[in-house]
Amino acid sequence: MKANQSASVKKQSVFSPLFIFDGVLLLFGILFLLESRHIKRGFQQVLDARIYPRVVAVIFCITVAAHMVKIVLERRAGGGSKEKTPLSAGVAFKIGALFALFIAYVFSIQWLGYFEAGFLFLWFSIALLGENSWRWRVHALIIAFVVISVTYFIFGVLLNIYVPSGLFL
Amino acid sequence: MIDTLIQAFHLVFQPQVLLIMLASSIYGIVIGAIPGLTAVMAVSLIMPIAIFLDPIPALAAIIACDAMAVFAGDIPGTLLRIPGTPASGAYTDDSYKLTMQGKAETVLGANCFFSAMGGLVGLAALVCAAPLLANIALKFSTYEYFWLSCLGLTCATFMTSADTVKGIASMFLGLFITTVGYDSLTGQPRFTLGVTELLGGIHVIPVLIGLFALSEIMRRVSSTTPPSAIYSGKIGNIYKGIFKTWRNHIPNFLRGNSIGVIVGALPGAGADIAAWLAYAISKKFSKTPEKYGTGHMEGIIESTSANNAALASAWIPAFVFGIPGDVTTAMVIGILFIKDLKPGPTAFIHHPEIIYGVFLCFLIANIFMLILGYYSIKTFRHILRIPPFVLLPVILVFCIVGAFSINNSLFGVGIMLAFGILGYIMEENDFPISPMLLAIVLGNLLEKNFIISMVKSDGNWIDFFNRPIAGGLAAAAIFLWTYPAVKWLYRRLKTRPA
């Protein structure tokens, strides 16, 4: 019974986030290797356009596979790198929410414009990451307005870099 | 030479260039002084602006920002015991303990003064070595460049990671990315998946903003470390007694600078490794090694000199061979290519004024450091009062502008986002990201030289080893590739019972 338990613990611990990430990289390498079939040879007789990416993909796959084997061997020997503490629910929520805001910002920038979308993104994200109070939300609004105005002036006016125009600017 | 120098003077000593250097210096100090925000991040965020500038102002901005950020990393290390950049981590304990003994001014003065002096020694090495090596490099053919690229990538992989296999995987991932887009010789599209924007390849700027800035923001948001209290003591004249300190530590100063210059010139090594190595060597050769870590000046002087000396010498391989010495010079090479200024020995013939201009920029940046360092240390507390939850979204907005401005399309922003997530996951799993960036910069050079060499030799591999320099570089590269395996095999045989 004990032996079974310890075996199951070992089996579980092999599939660490690192091992899974290695697996994703390996899959990525294999997909690229398969995709290389669609590359046309080109005019070169000595080396066609497919050879170099294939060599890179094969070595990449071998390296990642070797690392996966190394993890398994280390875990079986009872060693290996320490597992990192998983993120708390609050932190994971903040990262998720910040990225959701970020993606919304990226997609809305064409419709709302750089200034307006940037202002809304800054306001919401500063309010989200800071204190949970109305006073802070008002502070966040002022900070967002000042920061986006300054960046708009630097990039859009001073450096003359194109930024998408929108409702007001 | 005099004419070129005068030309360089005219290019550099313009109000616009000096103002850009000043602004970049202040920006570098702010980013470097904030714990967790690195010098590489500071430079990566300045790149989108640098693209729109002329070569000299662009390079001046990068040089000033990088030098200041590396120096400014010492400030929170000394007053908070949190290194601002990884390069300052080596001597943080010593600096902080000296601060606790009431010697904050002496330590901060030493940080600023020896960083600037280290930068000047690195510059001297760059001025002396680069033209000499460029003369040799003129004799290089595609075979030598192929092996040099291999050697550069190998050094970067081995030096930036404790786990070599992870470093190799990261490097090959970078090489992979460079194969996306049109093949430079046959013109065939590769791995574009029908996406028109990918035909020109993946642009390096959104990639590096994603890898170094966006992933850093994610790490900062997920960090649970509580903020530390700021040193509340008064800080007076930091340069008081600095020459006496210098006189008492001349061997440390010389050794630190020598290590910095050598390590900096190695492809992929950079300031962080130079500082840690200098500290370790200083301790090994010290008469009082037991004092290291308890508040000892020797290690501080040696490491702080080494990290800034490495910044300038990292430009030696970048200028001479087009092989980056560190992540910053990898970005610089990217900028030079965008501006049609191919780095390499021919740059000394075609654009000597740019080379001399860079030398002058280093000189000015280190003089700025002595002046701005004095005032930045006094205003450090205000910089640290900026709460991270205000700073991080602001940096995100900068990231967006940077990635967007490359092609005026959201595609660059998407690339940045993808690489930000990739960089975050990689670093969370202890995969180094520097080899990947160096591979992205060197990938096309490696492929092009490999294919041209193969065509020249009609597929005959022997030609890769026939020329003396190519043979020597090949031997060095092959030695480095096989060394870990030979070492592992030797250990296995030694431990096997008879």
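A, B, ... follow the sequence lines: proteins, then strands. Residue 1 opens every chain.
From A:H67, atom NE2 reaches atom CG of B:N429 across 9.0 Å, with rounding to the nearest 0.5 Å.
Looking at heavy atoms from C-beta onward, B:F176 lies out of side-chain contact with A:P53 at the 4.5 angstrom threshold. Between B:F191 and A:S36, the closest side-chain pair of non-hydrogen atoms falls below 4.5 Å. With contacts defined as side-chain heavy-atom distances shorter than 4.5 Å, the pair B:L193/A:E35 qualifies. No side-chain heavy atom of B:K166 sits less than 4.5 Å from a side-chain heavy atom of A:D22. Counting heavy atoms from C-beta on, the side chains of A:F60 and B:I168 never come closer than 4.5 Å.
For chain B, the nearby parts of A:F32 are the backbone and the side chain; heavy atoms of each come within less than 4.5 Å. With a 4.5 angstrom heavy-atom cutoff, A:I143 touches chain B only via side-chain atoms. Within the 4.5 angstrom heavy-atom criterion, only side-chain atoms of A:L25, from C-beta onward, approach chain B. Looking at A:L98, only its side chain comes within 4.5 Å of chain B, counting heavy atoms on both sides. With a 4.5 angstrom heavy-atom cutoff, A:S125 touches chain B via backbone and side-chain atoms both. For A:W136, the part lying near chain B is the side chain, with the backbone staying farther off; criterion is any non-hydrogen pair under 4.5 Å.
In this pair, A:Y52 and B:F450 present their aromatic rings tilted. The plane angle is within the 30 to 60° band.
The side chain to side chain donor-acceptor pair (under 3.5 Å) pairs that include a residue from residues 388-400 of chain B number zero, where partners must be two or more places apart or lie in different chains.
Identified by a heavy-atom distance below 4.5 Å to chain B, the contributing residues of residues 99-106 of chain A are A:F99, A:F102, A:I103, A:Y105, A:V106, in residue-number order.
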